[in-house]
Structures are given as structure tokens and as C-alpha cells.
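Counting starts at 1 for both ligands and their atoms, following the listed order.
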Amino acid sequence: MGRRVCYHTFVLGADHVGADDVRQAAAAIAGQVVRTPALRSEVLDALCGAELWLKAENLQHIGAFKARGALYAVGRLSEAERSRGIITYSSGNHAQAVALAASRHGISADVAMPEDAPAIKVAAVRALGAHITFAGLTSDDRKTKAHQMQAESGGVIIEPFGHRDIICGQGTATLELLEQAGEPLDALLVPVGGGGLIAGACLVAAEAGVPVYSVEPSACDAFAASLEAGERVAVQPGPTIADGLKPVMVGELNFAIARRHVAGSFRVDDDAIGRALTTLAAHAKVIVEPSGAATTAVALAGELTRQLRERLGRRPRIGAILSGGNLGMNQLAELLAAYPPPARP
Ligand SMILES: Cc1ncc(COP(=O)(O)O)c(C=O)c1O
């Protein structure tokens with residue numbers, strides 16, 4: 001009985017959000033976020049055998065698309081809600097985004113982050129004035145901590161991916177990319193953690209008829225596993241350098257929206273992510289963090305290009321969201337040493 005009620009709730013949720021809601025979010029945050037470029041690189045095109053459109057969310061405020069959803073969600077709170085302060089839980093980029101939104105509204109932000117969060121993300125959250133509580137290593141650990149914090153302070157939780165406003169805010173990245181690319185893309189590659197970015201992308205791409213492909217680390221493939229199971233499943237995240245793509249389970253509304261439109265899912269290992277990251281740095285002159293390089297790893301692997309070329313009979317046009325760029329320079333140096341970029345073709 002409980003399951004039936006729950007199912008009914010999420011189907012209604014997915015039916016009641018669409019591309020118009022993403023356009024509404026775009027209008028609300030216009031001027032507050034960067035309209036990031038959709039970069040083109042002849043060298044990357046040659047390496048991938050495709051026309052690649054790289055949506056550079058590494059150049060977004062706080063260095064990731066997360067600014068979009070957080071600014072929209074916090075902007076929609078009432079004055080009374082905002083005055084209670086805001087709370088969130090995050091591997092680091094959503095924490096920075098919430099800290100940014102809080103500082104713009106002159107309110108306090110408390111965030112629960114993993115004990116192994118990259119130093120660059122910890123420093124940025126602190127620099128934006130938010131208070132950090134470290135909580136375990138998994139997304140469940142930090143979610144539990146955030147709810148404890150809420151019980152104590154009465155603050156408002158800004159969900160990292162599962163809320164409608166977050167999904168619509170994140171969808172604005174895809175809205176821009178599809179405008180910037182002009183002609184319809186043949187495929188759009190989107191990295192998945194909890195599913196905020198991909199659910200927002202699907203709302204827009206479904207309307208435009210652009211197929212969306214999910215990308216996850218092989219060690220943490222909660223979305224692909226859920227698609228295969230036909231329902232949301234939890235995974236035990238293994239180690240991966242893509243720290244933003246490690247939630248134990250995708251969000252309910254996220255899965256309900258994305259499962260309807262996603263055309264296929266890709267898993268990438270850390271070697272492929274590391275090589276994509278250094279290839280982007282060397283040949284597109286773009287610095288991204290590992291989570292932001294995952295989509296390029298799929299493009300470089302060639303399988304999607306082969307499939308599309310066979311079907312279309314021409315070089316495919318592929319969009320790839322470079323979701324974030326919060327990478328320490330020491331980590332960049334280590335990755336360049338471990339994964340030397342390929343020579344220019
Ligand atoms: C750089 C980066 N890319 C992708 C994601 C995944 O986003 P979502 O949780 O909306 O799927 C995150 C999440 O933290 C991230 O920081």
C-alpha cells in the first residue's frame with residue numbers, strides 16, 4: 001500500500017514539471033549566473049571523430065553548474081524561510097553554491113561535507129562564509145547530519161539534487177547549450193551524481209528531441225543500475241576520482257524524470273576520466289575536475305560516435321557538459337603525470 005502511494009506521488013511530480021519551468025528558472029536567475037560558453041576545439045573533434053560542443057560550466061560562478069540550482073532555489077524561499085538560515089549536504093560544489101546564495105542574501109549557511117572532501121572545495125566554502133560540519137564519507141552520512149542540524153536550528157534544507165527548483169535551475173545549462181549549438185545535437189552527454197543535472201537536461205532535451213546519455217564512474221553507477229533494474233537502487237560507492245558523482249542513490253523525482261528520456265547510459269573508469277581531463281587541459285585549454293571530465297571520456301572512447309555515425313551516415317554533433325572545474329593545481333600536476341595527454345592528431 002505504502003509503495004502504491006509513493007509511486008503515485010512521483011509520477012505526478014514528473015508529469016508536473018517541464019521545459020517551461022526550466023525557462024522560468026532561466027528568467028529568474030538571468031544576470032545572477034554566467035552564461036557559460038559552449039566551447040569548440042578542432043583537436044578534440046579530431047580525437048573524438050565528432051563535432052563536440054563543450055558546455056563550460058567549469059567557468060560558472062563557484063566553478064560548477066551547481067550555482068544555477070542553488071541561486072534559483074534560495075531565491076524562491078520566502079523572507080521568513082531565509083531568515084531561519086539555510087542548511088545543505090554536499091560533496092563540495094553544491095555546498096559552495098549554497099554558500100554563495102547565502103552570502104548574496106546576507107544569511108547564514110551550514111553545510112555537511114564528507115571527511116575526504118577535496119581541500120579546494122573546503123577552502124572555497126569557508127571563503128564564502130559558510131560553516132562546515134564534516135560527516136562520514138557517504139552521501140547518506142552527510143544527509144543524516146544535515147537533518148540533525150535542521151532539527152537543532154530550524155534552518156531550511158536546500159536539497160543537493162532532489163528538489164524541483166534545483167532540477168529546473170540545473171536545466172538552464174542545457175537550455176543555453178541547445179541555443180548555443182544552433183542546429184539540433186545528435187546526443188547530449190550528462191554526468192550523474194544524484195541526478196539534478198540530468199533531470200533538468202531531460203526536461204529541455206525531451207522538448208527539443210535531443211537524446212540524452214548518462215555518464216557515471218564504473219565504481220558508482222547508481223543511475224545506470226537503477227535504469228537496468230527498472231526502479232531506483234542504492235549502490236555501495238567504490239573509490240573514484242570523480243568525487244561529485246558518488247551519491248549512493250539518485251533522487252526520486254530525478255529518476256522519474258530522467259528514466260523517461262535517457263537514451264542510454266555509460267560507465268567510465270578512473271583511467272578514462274583522468275585521460276579525458278588531461279586531454280581537455282592540453283588540447284582545449286580547459287581545466288576541469290574529474291567529475292567534469294567524465295562526459296569527454298565517453299566522447300573520446302568512440303563507441304557513441306561509432307553508433308551515431310552508423311545510424312546517421314555522417315559525423316555526429318555531440319554535446320558534453322563539463323560540469324565543474326574545482327581542481328587543485330597539485331591534483332592537476334599529479335593527473336598530468338599519471339595520464340599524459342595524447343599527441344595532437
Ligand atoms: C562537478 C560535478 N559534476 C556533476 C555532479 C552531479 O550532479 P547531480 O548530483 O545533479 O547529478 C556534481 C555533483 O556534485 C558535481 O559537483
Return the residue, atom name and 0.1 Å-rounded distance of the protein heavy atom closest to [atom].
| atom | answer |
| --- | --- |
| atom 12 (C) of ligand 1 | Gly244 O, 3.4 Å |
| atom 3 (N) of ligand 1 | Ser323 OG, 2.6 Å |
| atom 7 (O) of ligand 1 | Phe65 CZ, 3.3 Å |

Is the closest heavy atom of [X] to ligand 1 under 4.0 Å?
| X | answer |
| --- | --- |
| Val192 | yes |
| His94 | no |
| Ala64 | no |
| Lys66 | yes |

#### Entry: Residue part near ligand 1, for Leu245, under 4.0 Å between non-hydrogen atoms
side chain

### Query
For ligand 1, does Ser90 get within less than 4.0 Å through its side chain, its backbone, both, or neither, judged by non-hydrogen atoms?
neither

Determine, for [X] against [Y], whether the closest basic-nitrogen to carboxylate-oxygen distance falls under 4.0 angstrom.
| X | Y | answer |
| --- | --- | --- |
| Glu42 | Arg344 | no |
| Glu51 | Arg314 | no |
| Arg260 | Asp15 | yes |
| Asp186 | Arg311 | no |

#### Entry: Side chains of Glu57 and Ser323, donor plus acceptor under 3.5 Å
no

#### Entry: Donor-acceptor pair between His94 and Thr88 side chains, under 3.5 angstrom
yes

Would [X] count as being in polar contact with ligand 1, using the rule that some N or O on each side must be under 3.5 angstrom apart?
| X | answer |
| --- | --- |
| Gly196 | yes |
| Gly194 | yes |
| Pro160 | no |
| Gly193 | yes |
| Phe161 | no |

### Any Ile157 side-chain heavy atom under 4.5 Å of His163 side chain
no

### Query
Any side-chain heavy atom of Asn254 sitting closer than 4.5 Å to one from Ile198?
no

### Main-chain N/O of Leu52 paired to Asp45 side chain as donor or acceptor, under 3.5 Å
yes

### Message
Any side-chain to backbone donor/acceptor pair from Asn326 onto Ile62? Under 3.5 Å, distance only.
### Response
yes

Which ligand 1 atoms, with their elements, are less than 4.0 angstrom from a heavy-atom of [X]?
| X | result |
| --- | --- |
| Glu289 | 1 (C) |
| Gly324 | 1 (C) |
| Ser91 | 14 (O) |
| Asn93 | 1 (C), 15 (C), 16 (O) |
| Ser291 | 1 (C), 2 (C), 3 (N) |

### Message
Walk me through whether Asp269 and Ser218 qualify under side-chain hydrogen bond (donor to acceptor under 3.5 Å, both in side chains).
### Response
CA-CA 5 Å; Asp269 63 23; Ser218 318; 5.5 Å; no

### Message
Enumerate the ring pair (Phe, Tyr, Trp, His ring centres under 6.0 Å) contacts for residues 256-302, please, sequence neighbours excluded, ordered by first and then second residue.
### Response
Tyr213-Phe266

